[in-house]
Amino acid sequence: MARFPEEYDDCERILAPDGSYDAEAVAALDLTDEELRGMYGSMIQARALEERGLTLQRQGEFHFWMECRGLEASHVGPAAALSDRDWMNTEWRQYGAQIQRGRPLEDILLFWLRGYEEWAADSIAEMEPYERRMPHIVAVGTQLPQTAGLMWGRKLQGKDEVGLVSVGDGGASKGDFHAGLNFAGALELPVVFLLLNNQWAISTPVERQTAADTYADRAAGYGFEGTLVDGNDVLATYRATKRAVEAARAGEPHLLEVLTYRRGAHSSSDADDYRENVDIEAWRERDPIDRYETFLEDRGLLGPDDFESIREAAEERAREAAESALEIAETQSPEEVFDEVFANPPDYVDDQREELLDLVDRHGEAAFRW
Amino acid sequence: MAAEKLTLVEAVAEAIHDEMAEDESVVLLGEDVGRSGGVFRATEGVYDAFGPERVIDTPLSETGIAGAAIGLAASGMRPIAEIQFMGFTYAALEQLFTRAARMNARSRGQFPCRMVLRAPFGGGVRAPDLHGESMEAIFVHHPGFKVVAPSTPHDAKGLLTAAIRDPDPVMFFEPKKIYRSFREDVPEGTYETPIGEAAVRREGSDVSVFTWGASTRPTQEAAEAVAGEGIDPEVVDLRTLSPMDTGTIVESFKKTGRAVVVHEAPRTGGLAGEITALLQEEALYYQEAPIERVTGWDAVYPLYELEDFQLPNAARIEEAIRSVVEV
Ligand SMILES: Cc1ncc(C[n+]2csc(CCOP(=O)(O)OP(=O)(O)O)c2C)c(N)n1
Ligand SMILES: Cc1ncc(C[n+]2csc(CCOP(=O)(O)OP(=O)(O)O)c2C)c(N)n1
Ligand SMILES: [Mg+2]
Ligand SMILES: [Mg+2]
């Protein structure tokens with residue numbers, strides 16, 4: 001596996017860790033000031049949401065939280081590079097990608113509180129960009145062949161849409177990785193595979209996942225291109241995804257590896273006591289938000305006062321969203337156990353629902369709570 | 001309606017053909033389903049009729065086939081996925097159990113998983129390992145699926161049509177031993193045989209014999225044999241295993257007070273236990289004798305010549321019928 005800092009520092013990038021940048025490359029991105037500020041807003045919002053989520057988890061209000069800090073650029077840039085009609089199947093840790101596509105914070109939080117998701121649109125045609133996703137998977141890797149199938153179907157329907165699907169350095173060890181990329185290659189499907197190499201799968205370091213130098217190299221085995229970029233440079237992840245999306249739209253899938261580092265614990269249930277001889281400080285110095293702030297300031301797009309007010313507003317939104325999500329989650333009732341188990345439910349569903357409700361009625365809800 | 005004499009496997013091909021003609025969103029995918037028409041010829045003629053866009057020979061990966069079918073369903077298509085033998089669904093189970101069965105619930109109805117997964121099941125064709133499995137119980141044990149196992153050409157066509165039109169993921173298991181055993185009249189044109197309804201194949205008053213798939217053949221044979229001895233068995237072909245037609249099962253048992261359950265799958269943890277529990281709960285006071293199970297042994301599926309000893313045969317079924325009637 002790529003060694004730090006040598007190979008990391010050799011990654012394709014636009015913004016260096018110190019905030020210096022390639023001005024020509026920036027100009028070629030053709031991003032408006034608004035769009036550049038928007039990606040900043042998404043990264044800040046993701047971090048603020050995480051702080052709120054972790055606090056509420058410690059207070060016992062949330063069951064669980066997957067940690068994201070330091071990973072924001074690895075998924076915000078890719079989300080920004082999609083067109084509104086494209087699809088995005090990211091995993092649960094990628095809060096910034098969801099935010100970038102406009103998903104309400106409350107909706108993101110509700111996934112952690114209820115385990116299911118809801119859509120406002122009645123049909124795919126009516127979906128907002130952020131709704132163009134399949135529900136979160138929990139068995140890592142399974143989303144890969146599913147996204148191949150999803151985009152195959154959209155292609156058969158004559159739609160000019162691309163699907164972006166993410167997987168981690170751990171999930172990429174599964175057979176689903178092979179099945180998904182192989183189907184996409186063999187059937188020429190418009191899919192971009194985003195490999196979020198954050199160098200850890202819970203306590204297992206990336207060296208234990210593979211003997212290869214990079215994940216991007218694997219693309220050759222499927223007959224398409226792969227690239228490796230600095231996952232802490234939001235402009236680089238944006239540019240690389242944009243290119244990949246164009247290729248996919250033309251019928252060639254792409255494997256994009258974004259190299260980053262999971263600074264936080266795996267999740268709120270992780271003691272994070274297994275990392276020896278790891279220089280987390282070195283990664284903090286390569287923080288994606290710090291370098292982007294330096295860039296924005298240098299371009300005169302935002303200044304220190306703006307940073308502060310944007311952060312405060314993001315914290316406030318996170319607080320409000322959490323409050324409202326908790327309120328909504330409280331309204332869950334026992335009959336929901338059976339909701340949508342089937343689209344066309346057999347009779348036994350009603351029978352068992354009645355059985356449960358009758359029990360709750362006779363014993364009281366408290367008898368069931370633990 | 002005009003009818004033609006078809007075998008079960010021909011009826012499967014006809015159902016696929018007719019639904020693809022009716023509904024443009026139906027696509028067929030799997031290993032060798034296209035040009036070759038499938039290893040059992042269950043998709044014969046479909047490729048010629050609908051071409052390579054809608055009939056796709058996929059790479060050899062059951063994970064990929066199941067995963068892609070789930071994605072196709074999410075996109076608004078109606079995929080029919082073929083797994084060459086039920087034993088190769090082992091490689092697809094994660095996709096099916098962690099996703100297909102629960103996508104409707106986890107998306108609160110936004111993404112129903114409208115797909116049919118077809119696989120030939122059961123033994124009796126003298127094929128190598130993994131070609132004789134009867135794993136239906138593990139699918140029945142996962143809420144979210146519908147599980148269907150027809151035993152006649154007429155039902156194969158009608159149930160497959162219903163399965164393709166059903167908004168839930170339907171696991172459609174075809175009894176390969178009797179794919180070509182007999183022909184019967186199958187109506188031309190499309191029709192549905194409702195999912196969730198058992199069929200009484202022989203009415204009787206002394207004992208209820210519950211079965212499905214290829215076991216319906218030796219069961220019917222056994223029923224006729226004991227009828228000659230003055231025993232009058234009722235034979236109930238479940239046809240759908242999930243949701244099970246508990247009404248018909250319980251009614252039949254209330255009439256006869258005695259039951260034998262026949263299936264190829266191993267005994268322990270099999271559906272015969274489930275059916276027995278159902279009868280205990282719903283009709284204990286009607287029971288006249290212990291319920292007997294005639295099943296495959298709890299053995300690693302024995303191959304080739306040894307298969308003869310694994311599959312329930314008429315002799316075993318007759319003996320079980322006699323023993324519950326004699327009590
Ligand atoms: C199939 C499967 N096995 C195990 C798990 C438990 N698990 C959850 S996350 C995780 C590590 C995933 O690592 P990676 O793919 O690198 O993603 P990251 O957590 O770094 O975002 C594991 C083992 C799971 N969710 N799914
Ligand atoms: C997992 C699995 N799926 C399906 C089959 C059925 N099957 C047996 S051989 C075969 C084709 C294998 O092709 P290949 O790997 O190229 O080997 P070859 O037959 O050419 O030697 C298939 C689909 C199987 N044995 N295993
Ligand atoms: Mg990882
Ligand atoms: Mg070969």
Side-chain angles (χ1 to χ4, degrees), chain A residues 87 89 111 114-125 127 131 134-139 141-157 159 161 163 174-176 178-180 182-187 189 336 338-349 351, chain B residues 24-25 27 29 53-54 56 58-79 81 91 94-95 97-115 143-146 165-169 195-196 240 242-247:
Chain A
W87 291 75
N89 291 338
F111 173 68
R114 301 190 300 196
Y116 62 79
E117 298 164 82
E118 287 180 322
W119 278 253
D122 282 332
S123 65
I124 290 177
M127 282 180 177
E131 291 185 293
M134 287 173 76
H136 277 296
I137 53 88
V138 172
T142 52
Q143 70 277 21
L144 298 166
Q146 288 165 17
T147 305
L150 175 76
M151 299 324 297
W152 181 5
R154 300 304 286 169
K155 186 179 161 185
L156 284 169
Q157 292 164 48
K159 312 283 186 203
E161 299 165 2
K174 282 187 72 203
D176 301 86
H178 177 61
N182 194 41
F183 268 57
L187 300 167
L189 303 175
E336 270 191 55
F338 296 95
D339 279 2
E340 306 292 352
V341 172
F342 291 93
N344 173 22
D347 296 341
Y348 80 76
V349 172
D351 297 346
Chain B
E24 276 205 339
S25 65
V27 292
L29 68 154
E53 285 253 302
R54 292 177 66 196
I56 305 98
T58 64
L60 198 169
S61 166
E62 287 74 15
T63 307
I65 293 166
I70 292 164
L72 279 160
S75 81
M77 305 299 287
R78 298 192 153 199
E94 186 186 27
Q95 287 289 341
F97 291 173
T98 72
R99 192 59 150 179
R102 50 184 81 199
M103 197 158 69
N104 195 62
R106 296 296 182 238
S107 69
R108 281 304 191 259
Q110 187 71 29
F111 289 101
C113 193
R114 283 181 182 148
M115 63 175 277
F145 289 128
K146 289 173 181 159
R165 294 177 184 176
D166 197 277
D168 292 307
I195 291 174
T240 296
S242 184
M244 213 178 258
D245 185 352
T246 53

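Numbers restart at 1 for each chain; the letters A, B, ... are given by sequence-line order, proteins then strands.
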So for A:Leu187, is it side chain, backbone, both, or neither that comes closer than 4.5 Å to the heavy atoms of chain B? side chain
Against chain B, label A:Leu156 side chain, backbone, both or neither, depending on which of its atoms sit under 4.5 Å from a heavy atom there. side chain
With no hydrogens and no angle check, is any side-chain donor or acceptor of A:Gln143 less than 3.5 Å from a backbone partner on A:Gly141? yes
Answer key: most heavy-atom pairs under 4.5 Å with chain B among A:Ala148, A:Gly153, A:Gly180, A:Pro345 is A:Gly153
Between A:Phe342 and chain B, with a heavy-atom cut-off of 4.5 Å, which part of the residue counts as in contact: side chain, backbone, both or neither? both
Look at B:Met103, B:Met77, B:Gln95 and state which one has the largest set of heavy-atom pairs under 4.5 Å with chain A. B:Gln95
Can a side-chain donor-acceptor contact be found between A:Tyr116 and B:Gln110 if the only test is distance below 3.5 angstrom? no
Side chain, backbone, both or neither of B:Asn104 within contact of chain A (heavy atoms, under 4.5 Å): both
Determine the option with the most heavy-atom pairs under 4.5 angstrom with chain B, choosing from A:Met127, A:Glu161, A:Met151, A:Lys159. A:Met127
Count the heavy-atom pairs under 4.5 Å between each of B:Gly196, B:Pro143, B:Gly109, B:Gly247 and chain A, then report the option with the highest count. B:Gly109
A:Gln157, CD: over 12 other non-hydrogen atoms inside 6.0 angstrom: yes
Under a 4.5 Å heavy-atom cut-off, does chain B meet the side chain of A:Lys174, its backbone, both or neither? side chain
Closest-packed option against chain A by number of heavy-atom pairs under 4.5 Å, given B:Glu53, B:Arg54, B:Lys146: B:Lys146
So A:Phe111 and A:His136, would you call those rings parallel, tilted or perpendicular, with 30° and 60° as cut-offs? tilted
Is atom CG of A:Asp347 surrounded by more than 12 heavy atoms (other residues, nucleotides or ligands) closer than 6.0 Å? no
Which pairs of donor and acceptor atoms, one on a side chain in residues 62-74 of chain B, lie under 3.5 Å apart (sequence neighbours left out)?
residue, atom, partner, partner atom, Å
B:Thr63, OG1, B:Ala91, O, 2.9

Quick check against the 3.5 Å criterion: does A:Asn344 have a side-chain atom that pairs as donor or acceptor with the backbone of B:Pro167? no
Please classify the contact of B:Pro112 with chain A as side chain, backbone, both or neither, using a heavy-atom distance under 4.5 Å. side chain
How many angstroms lie between atom CZ of B:Phe97 and atom CZ of B:Arg102, to the nearest 0.5 angstrom? 10.0 Å
Who wins among B:Pro169, B:Ser61, B:Ser107, B:Pro243 for the most heavy-atom pairs under 4.5 Å with chain A? B:Ser107
Can B:Arg108 and A:Glu336 be counted as an ion pair, charged N to O under 4.0 angstrom? yes
Assess whether a salt bridge exists between B:Arg114 and B:Asp168, defined as any Lys/Arg side-chain N lying under 4.0 Å from an Asp/Glu carboxylate O. no
What residue, out of A:Ala139, A:Ala179, A:Pro135, has the most heavy-atom pairs lying under 4.5 Å from chain B? A:Pro135
Looking at A:Ala343, A:Ser123, A:Ala121, which makes the most heavy-atom pairs under 4.5 Å with chain B? A:Ala343
Residue selection (most heavy-atom pairs with chain A, distance under 4.5 Å) from B:Glu94, B:Arg99, B:Met244: B:Arg99
For A:Thr147, which atoms come within 4.5 Å of any heavy atom of chain B: side chain, backbone, both, or neither? neither
